[in-house]
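The block underneath contains the structure these notes are about, expressed in structure tokens.
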Amino acid sequence: MHVRSEIAAAMLASILPVALSQHVRDLSNEHWSLSSRALNRTVPAQFPSQVHIDLLKAGLIDDPYHGLNDFNLRWIADANWTYTSQPIQDLLDEYDSTWLVFNGLDTFATISFCGHLIASTDNQFRQYAFDVTTALKSCKEDPTLSINFGSAPNIVDAIAQDPNSETWPSNVQITYEYPNRWFMRKEQSDFGWDWGPAFAPAGPWKPAYVVQLEKTDGVYVLNTDLDIYRNGQINYLPPDQSQPWVVNASIDFLGSLPNSPTMSIKVSDARSGTVLTSRALDNVTVTGSSITGVTILDGLTPNLWWPQGLGDQNLYNVSITVAHSETHSVAHVTKRTGFRTIFLNQRNITEAQRAQGIAPGANWHFEVNGHEFYAKGSNLIPPDSFWTRVTEEKMARLFDAVVVGNQNMLRVWSSGAYLHDFIYDLADEKGILLWSEFQFSDALYPSDNAFLENVAAEIVYNVRRVNHHPSLALWAGGNEIEVLMLPLVKAADPTSYSWYVGEYEKMYISLFLPLVYENTRSISYSPSSTTEGYLYVDLSAPVPMAERYDNTTSGSYYGDTDHYNYDTSVAFDYGSYPVGRFANEFGFHSMPSLQTWQEAVEPEDLYFNSSIVMLRNHHNPAGGLMTDNYANSAIGMGQMTLGVENYYPIPSKSDPIANFSAWCHATQLFQADMYKNQIQFYRRGSGMPERQLGSLYWQLEDIWQAPSWAGLEYGGRWKVLHHVARDIYQPVIVSPFWNYTTGSLEVYVTSDLWSPATGIVNLTWLDLSGRPIAGNVGTPESVSFTVGALNTTRIYGTNIQSLGLSDTKDAILMLSLSAHGRLPNSAQATTFSHEDHFTPAFPKDVSIVDPGLKLEYNTETRTFAVEATSGVSLYTWLDYLTGVVGYFEENSFALAPGEKKEIGFTVQEDTTNGEWVRNVTVKSLWDQKIRD
């Protein structure tokens, strides 16, 4: 494996250190302090940490997420901060070299050791190793380590003001709060985004070590690139599944290797420990500070790793040993991995596909182990403004919600941060594919050599670091660079457009693509998150991937789409949605629940347009450092308000807190219905000419307590959206499609199984009191169907006007599906069920009656029984107070009179000792409508 990089690093947890040739001190075990002129005092600090977190622990600031601390704590980002260790004792004299190894410094850091200036860093996403042997030998006492973090906002402002710095056409670069984020290799959303705050944190955000090595056989492993692929596999071509597996292992290291070192591997089942194979690697080469070897696993058939819902997550431990004799190991690393191929197919539509009814153009879908599948999921943003608060427990809970939500893929969005290894580990275990992106988003970036060298090292380090994870699905160059930034340039400065296209290709294609291909054969690469795909790939060309851009043909489909339309009058118009091969972003914002608001906002500010609520809403973005962004925020608040007023009963409660809660819930109803409408439209596209094979909505989770596009609130509470997405992402679904302008109603069954499914759909018309409508208004009471693999079928169609309904506002069509089929990689038949409903009027107009809901808790089964007694219950919603975190097995459903649902609740965290069950409530659309 050829490597073009500086030394990069891996998580120490995956490294088994070797014998006595090295001495490693974890700097988290030292005592640290934090100081700044802005503070005029010194406080205890943690390591790893960030300044805000240490100030909070010291009691010097309030919770950064409380109230308007997004603005009030800006003095922290405007200051420089220094982390200083107490004297580091017991460093050994007999070691020949001493190194400081940092896995992550955020971001502009100056490092001093024993009073000596060691280095300065400027990239949050790289790992750095510095030789401090000379500095240590000059120490007369135990050395101290000092790391000064400069103010990122001030530093990038100074860079922008430098006359030698690059400039861009006006009205192109997108500022959310702090300007000039494109000059820094730091989490871009640290400077604000339309769903999050701008704290611009600083600090040693990842672990660091003092490493001492012996001159002979003294080796410390920094990073490991384990690449598993089919023999002959090339990134942009479908792998031959009949070929044997290849294991290519590469280790980056500090120190020196003996002459003619050997490499060997042992592959064992991660659960049972059963050894699959042990063997020496061939073609062992040492290039700079990397050693690489390869082997072909002829005759071995390990169990494959599959995304959840498509098969088992079979995992293996691969132990890599570097030695200079059979008995003397100098480096040993164990990585947990899996055997799978994952391929982004962007190849031209074939004649065989045309014969199947697929429109011409190019594919844009994923294939796992040679099988195309429907990607169901969402977009992952940073789960917290402060990564040191992102624990394995928090991420496990988040990923559990992904799995329970029937999602098999997350898009790891730019520009947050490259995910920790433990997050990929969790995804490996749970079967969640991670479409991963390099951290460049919604901006044009510098193209000078120094910047490009910096990001090249960043790219190579992270590609190598996470390459062994079977959950890794794709590398994309950045977010919306091709679909948003280049058009903005074209509009602002048409004469320079071709030059900026060249700059885009220079970084995202000519630089990034070879760096990916040189360090992995197993992962595909796309230059931008949303594209029309490519015309051809020629690895010998200066621009090795020729993007299609606007070279499209009418009637043909090519790339993936993103879609945001804040004109709520067309929210449910299917004709307003893009038709493409894959939908990677779409959505609309909503308010979090009252319970989540209460975590961050005082009671007197809990009303819809309070100044606190409005200023915590960052859509529309301020576009600068304003602390009175009412004008732009009001636009976003107005969009949510219109979404409710156009389609749902307008809450009007006498109690202001209850009214605020009802309004928050109403915005969630609109959001969830809009996403449901789009998801079922995109899923139906699997059987349409566009052959649409993926929908990833924006966004999975919240970074804090505020309005956003999320389905999961900060703290873990599920919005209506996540419940509805869980339902509509089931393997076989029945969906009504209503053209409210023409009256056309069609009902489809859609399946993402890999073999045909058969079944029946019951169609029952009721009035809103729950009484059957005479003759079922000419609609068949049941329809049998067969739906093909990864396909859809129309089972019923009519026009509402021809049904002869006496009152379209007092009617509901209940849909109930039962199907038989096989899950992928399963030999046994499974029964699938799904329910949906349709009203020929929007919720605000239906003649809703009091459903007479009853709620009982069964202490033996620990389930809640919900029953409607006097009318149809629309948007039936079970709710719980604070003190517990979890989710109901089903929520936001329609319930006809006489039906009783037994619903369980999964407890993820409980501080009430079980008392929370006494405060569970149930409500419906009726409760949104009535006044009290």
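These numbers come from a predicted model, not from an experiment. Just so it is clear, the values below take in all heavy atoms, side chains as well, and ignore hydrogens, waters and symmetry mates. The residues of the chain are indexed from 1 along the displayed sequence.
- Thr110 is listed as a side-chain neighbour of Ser120, based on a closest heavy-atom distance under 4.5 Å.
- In Asn171, the CG atom is not crowded: 12 or fewer heavy atoms of neighbouring residues, nucleotides or ligands sit closer than 6.0 Å.
- Met614 CE to Asn629 CG: the interatomic distance, rounded to the nearest 0.5 Å, is 8.5 Å.
- Considering CH2 of Trp709 and CD of Glu585, their distance stands at 10.5 Å, rounded to 0.5 Å.
- The distance from the CH2 atom of Trp698 to the CG atom of Asn584 is 10.0 Å, given to the nearest 0.5 Å.
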Original post:
Would Arg411 and Glu437 count as a salt bridge (Lys or Arg N to Asp or Glu O under 4.0 Å) if you check the C-alpha gap in whole Å, the side-chain angles of each, and the deciding distance to 0.1 Å?
Top reply: CA-CA 8 Å; Arg411 174 173 165 246; Glu437 298 186 349; 2.6 Å; yes
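- Residues Leu105 and Trp205 have side chains not in contact (no heavy-atom distance under 4.5 Å, counting atoms from C-beta outward).
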Original post:
Where do Gln124 and Met184 land on the side chain to side chain contact (heavy atoms under 4.5 Å, CB included) test, with the steps shown first?
Top reply: CA-CA 9 Å; Gln124 178 182 358; Met184 65 183 185; over 6 Å; no
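- Side chain to side chain, Thr391 and Glu393 fail the donor-acceptor criterion of an N or O pair below 3.5 Å.
- Within the 3.5 Å criterion, the main-chain N or O of Glu602 finds no donor-acceptor partner in the side chain of Glu604.
- Tyr424 and Ser436 form a side-chain donor-acceptor contact under 3.5 Å, judged by distance and modelled atom types alone.
- Exactly one residue among Phe386, Phe191, Trp75 makes a ring pair (Phe, Tyr, Trp, His ring centres under 6.0 Å) with Phe199. That residue is Phe386.
- Closest approach of Glu701 to Ala710, counting heavy atoms only: C-CB, 3.4 Å.
- Rounded to the nearest 0.5 angstrom, Thr882 OG1 and Gln595 CD are separated by 7.0 Å.
- In this structure, a donor-acceptor pair under 3.5 Å is absent between the side chains of Ser529 and Glu480.
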Original post:
Could you go step by step and tell me if Asp157 and Tyr178 meet the side-chain hydrogen bond (donor to acceptor under 3.5 Å, both in side chains) rule?
Top reply: CA-CA 9 Å; Asp157 285 350; Tyr178 288 105; over 6 Å; no
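- By the side chain to side chain donor-acceptor pair (under 3.5 Å) test, Tyr607 pairs with no residue at all, sequence neighbours left out.
- Listed for the Lys653 side chain is a donor-acceptor partner under 3.5 Å among the backbone atoms of Ile930.
- In this structure a side-chain-to-backbone donor-acceptor pair under 3.5 Å is present from Ser189 to Ser415.
- Residues Asp384 and Ile703 come closest through the heavy atom pair C-CG1, 3.5 Å.
- The two atoms that bring Asp62 and Asn69 nearest to each other are CB-ND2, 3.8 Å, heavy atoms only.
- Taking CD of Glu187 as the reference point, atom CZ of Arg181 lies at 11.5 Å (rounded to 0.5 Å).
- A salt bridge is defined here as a Lys NZ or Arg NE, NH1 or NH2 lying under 4.0 Å from an Asp or Glu carboxylate O, and Glu909 with Lys394 fails to meet this definition.
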Original post:
After noting the C-alpha distance and the side-chain angles of Thr596 and Gln705, does the key distance pass the side-chain hydrogen bond (donor to acceptor under 3.5 Å, both in side chains) rule?
Top reply: CA-CA 6 Å; Thr596 293; Gln705 308 94 333; over 6 Å; no
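- Under the 4.5 Å side-chain criterion, counting only non-hydrogen atoms from C-beta, His589 is not in contact with Trp195.
- Checking Asn454 against Arg126 by side-chain atom types alone, a donor-acceptor pair falls below 3.5 Å.
- Side chain of Gln188 to backbone of Phe440: no donor-acceptor contact under 3.5 angstrom is found.
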Original post:
Going through the distances and angles, do Ser414 and Asn479 end up as a side-chain hydrogen bond (donor to acceptor under 3.5 Å, both in side chains)?
Top reply: CA-CA 6 Å; Ser414 308; Asn479 173 58; over 6 Å; no
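- Taking a cutoff of 4.0 Å between a charged side-chain nitrogen and a carboxylate oxygen, Asp879 and Arg717 qualify as a salt bridge.
- In this model, a donor atom of one side chain and an acceptor atom of the other lie less than 3.5 Å apart for Tyr83 and Asp54.
- Note: Tyr714 and Tyr65 have perpendicular aromatic rings, judged against thresholds of 30 and 60 degrees for the angle between ring planes.
- Under the side chain to side chain donor-acceptor pair (under 3.5 Å) criterion, Thr82 pairs with Asn148, not counting sequence neighbours.
- Of the N and O atoms on the side chains of His619 and Asn632, not one donor lies less than 3.5 Å from an acceptor on the other residue.
- Between the side chain of Trp32 and the backbone N or O of Leu27 there is at least one donor-acceptor pair closer than 3.5 Å.
- The closest side-chain donor-acceptor pair between Asn646 and Thr568 falls under 3.5 angstrom.
- The minimum heavy-atom distance between Thr175 and Gly624, with the atom names listed, is CG2-N, 4.2 Å.
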**OP:** Could you walk me through whether Tyr887 and Trp718 pass ring-ring contact (aromatic ring centres under 6.0 Å, His included), step by step?
**Re:** CA-CA 7 Å; Tyr887 55 88; Trp718 289 26; 4.4 Å; yes
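- Closest approach of Leu615 and Thr627 over heavy atoms only: CD1-O, 3.6 Å.
- Counting non-hydrogen atoms of other residues, nucleotides and ligands closer than 6.0 Å to CG of Asn913 gives a total of 12 or fewer.
- Ser593 and Lys719 are not linked by any side-chain donor-acceptor pair at a separation below 3.5 angstrom, with hydrogens and angles left out of the test.
- Distance check: His66 NE2 to Arg616 CZ gives 8.5 Å after rounding to the nearest 0.5 Å.
- His618 and Glu177 share a side-chain donor-acceptor pair at under 3.5 Å.
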**OP:** Under the side-chain hydrogen bond (donor to acceptor under 3.5 Å, both in side chains) rule, what do Glu458 and Asn123 come out as? Steps first, then yes or no, please.
**Re:** CA-CA 8 Å; Glu458 164 192 330; Asn123 192 321; 3.1 Å; yes
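- Under 3.5 Å, the side chains of Asn154 and Ser151 contain a donor-acceptor pair of N or O atoms.
- Of the N and O atoms on the side chains of Tyr630 and Asn617, not one donor lies less than 3.5 Å from an acceptor on the other residue.
- Minimum heavy-atom separation, Phe905 to Trp916: CD2-CH2, 3.2 Å.
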